[in-house]
Amino acid sequence: MATTFSPNPSTRLSPPPPLAPLAVPARLLLGPGPSNADPRVIAAMNQQPIGHLDPAYLEMMDEVQNLLRYTWQTTNPLTYAVAGTGSAAMEATLANAVEPGDRVLVAVKGYFGHRLVDMARRYGAEVVTINRPWGEAFTLDELANALDEYRPAVLAIVHAETSTGVRQPLEGLGAACAAHNCLLLVDTVTSLGGVPVLLDEWQVDLAYSCSQKGLSCAPGISPFTMSPRAVAKLERRRQAVANWYLDAALLRKYWGPERVYHHTAPVNLTYALREALRLLAEEGLEARWQRHQQTAAYFWSGLADLGLTCHVEESLRLPTLTTVRVPDGVDAKAVSRQLMADYNIEVGGGLGELGGKVWRIGLMGYNSQPKHVDTLLQALGRVLRQAA
Ligand SMILES: *Cc1c(COP(=O)(O)O)cnc(C)c1O
């Protein structure tokens, strides 16, 4: 007789109709992220998981930490990868840096600045903001004046604002923050692996990034680091970090020599990130920055040939993410849809204030190659001629 699992089997849900095996379309991802992963990263990921306390895994964790320090140009002992996307690492910086009542100054010049404001408030910060129009950057003077005026415990700013394509210069800001006894928190999500990021030289105290943009890895594991000054504030806290999962005081015991279990690490993503960072180290940071700059310059000149203009002035333009102005009378979404449908190319649309006004084109990591620029420009030219 068959075993009965429920007193009333007739109430169980029946399985959905059988599905075909998974078929992932081949896309060229030239939007704001994710970008295509390097095939070597996919191969590394595509192996059996091992235990998160396996000696082989612990060794991998050390390797990832060292590679992250190189990638970020920092000697911070507290440097590791958060199990989650860039937003989790973003939240980790605020959760660990902010105690309720701390004043946090956020320099907002795009969508991700607003996300920092939202997150900081949720951790009980008294948030103050300064603002620039979408497409511009702050000057050092503006930031230093705001430090004088507001005396914040933390200044949070996005290095590479993916919503606008602006690179925020950071030279000198860390020294100004240190002089005001303020921690400098920087979003390097769309800069790491494509644009110079020199955390120690710039005296950055907290930083985070993601895996799926400039590092050409799959999404889901995210670089995170705290300077000794930021760790000292963490150690002085009167209250525990409000987010258990992201608490660096607990996680440093897993990533450090004690190896205290916290949560099950995403081991396959660690394989992937290790390979992505190994690729970066093989290429070398300087060569990688050069490649991104050259590929972007090639793209920008091709855009000009098509009669298209960039939203951001060249000196502040990110090589990893370009905002291209949508010509008058052109339906931005229709063009994006056609690029996907006819050419398998993904590009991003405008966010927030720039909705409908720009396309966001990413040339990040593995995808920063002239041949992809050629493919995109040819497709975009054809689609725009049809639309005219
Ligand atoms: C993509 C992005 C994030 C969020 O990262 P996710 O991996 O999507 O969670 C945060 N900040 C900036 C500047 C980004 O571009």
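Indexing begins at 1, ligand by ligand and atom by atom, following the structure's order.
At least one N/O-N/O distance between Thr190 and ligand 1 falls below 3.5 Å. Taking any N or O of Lys213, backbone or side chain, at least one lies under 3.5 Å from an N or O belonging to ligand 1. No N or O atom of Cys210 sits closer than 3.5 Å to an N or O atom of ligand 1. Geometrically, ligand 1 and Arg115 share no nitrogen or oxygen pair separated by less than 3.5 Å.
Contact atoms of ligand 1 toward Thr162: 12 (C), 13 (C), 14 (C), 15 (O) (distance under 4.0 Å to a heavy atom of the residue). Each of the atoms 13 (C) of ligand 1 lies under 4.0 Å from some heavy atom of Ala160. Close approach of ligand 1 to Ser87 (heavy-atom distance below 4.0 Å) involves ligand atoms 4 (C), 5 (O), 6 (P), 9 (O). For ligand 1, the atoms closer than 4.0 angstrom to any heavy atom of Gly86 are 5 (O), 6 (P), 7 (O), 9 (O).
When side chains are defined from C-beta on, Leu206 does not count as touching Thr225, because their heavy atoms never get closer than 4.5 Å. The shortest distance between side-chain heavy atoms of Glu258 and Arg252 does not fall below 4.5 Å.
The nearest protein atom to atom 3 (C) of ligand 1, hydrogens excluded, is given as Phe112 CE2, 3.5 Å; this is a heavy-atom distance. Here the protein heavy atom with the shortest distance to atom 11 (N) of ligand 1 is Asp187 OD2, 2.7 Å.
Residue contacts with ligand 1, taken as heavy atom pairs separated by less than 4.0 Å, involve Val189 solely via side-chain atoms from C-beta onward.
Using modelled atom types, one finds a donor on one side chain and an acceptor on the other under 3.5 Å when comparing Ser87 with Arg115.
Taking the six-membered ring wherever Trp is involved, the centroid distance between the rings of Trp244 and His262 falls below 6.0 Å.
Contact between Gln212 and ligand 1 is present, with at least one heavy atom of the residue lying under 4.0 Å from the ligand.
A salt bridge links Asp102 with Lys233: at least one charged nitrogen is closer than 4.0 Å to a carboxylate oxygen. Under 4.0 Å is where a charged nitrogen must lie from a carboxylate oxygen, and between Glu282 and Arg40 at least one such pair does.
Note: Tyr80 and Phe224 have tilted aromatic rings, judged against thresholds of 30 and 60 degrees for the angle between ring planes.
Geometrically, Lys213 does not engage Tyr208 in a cation-pi contact defined by less than 6.0 Å to the ring centre and at most 45° from the axis.
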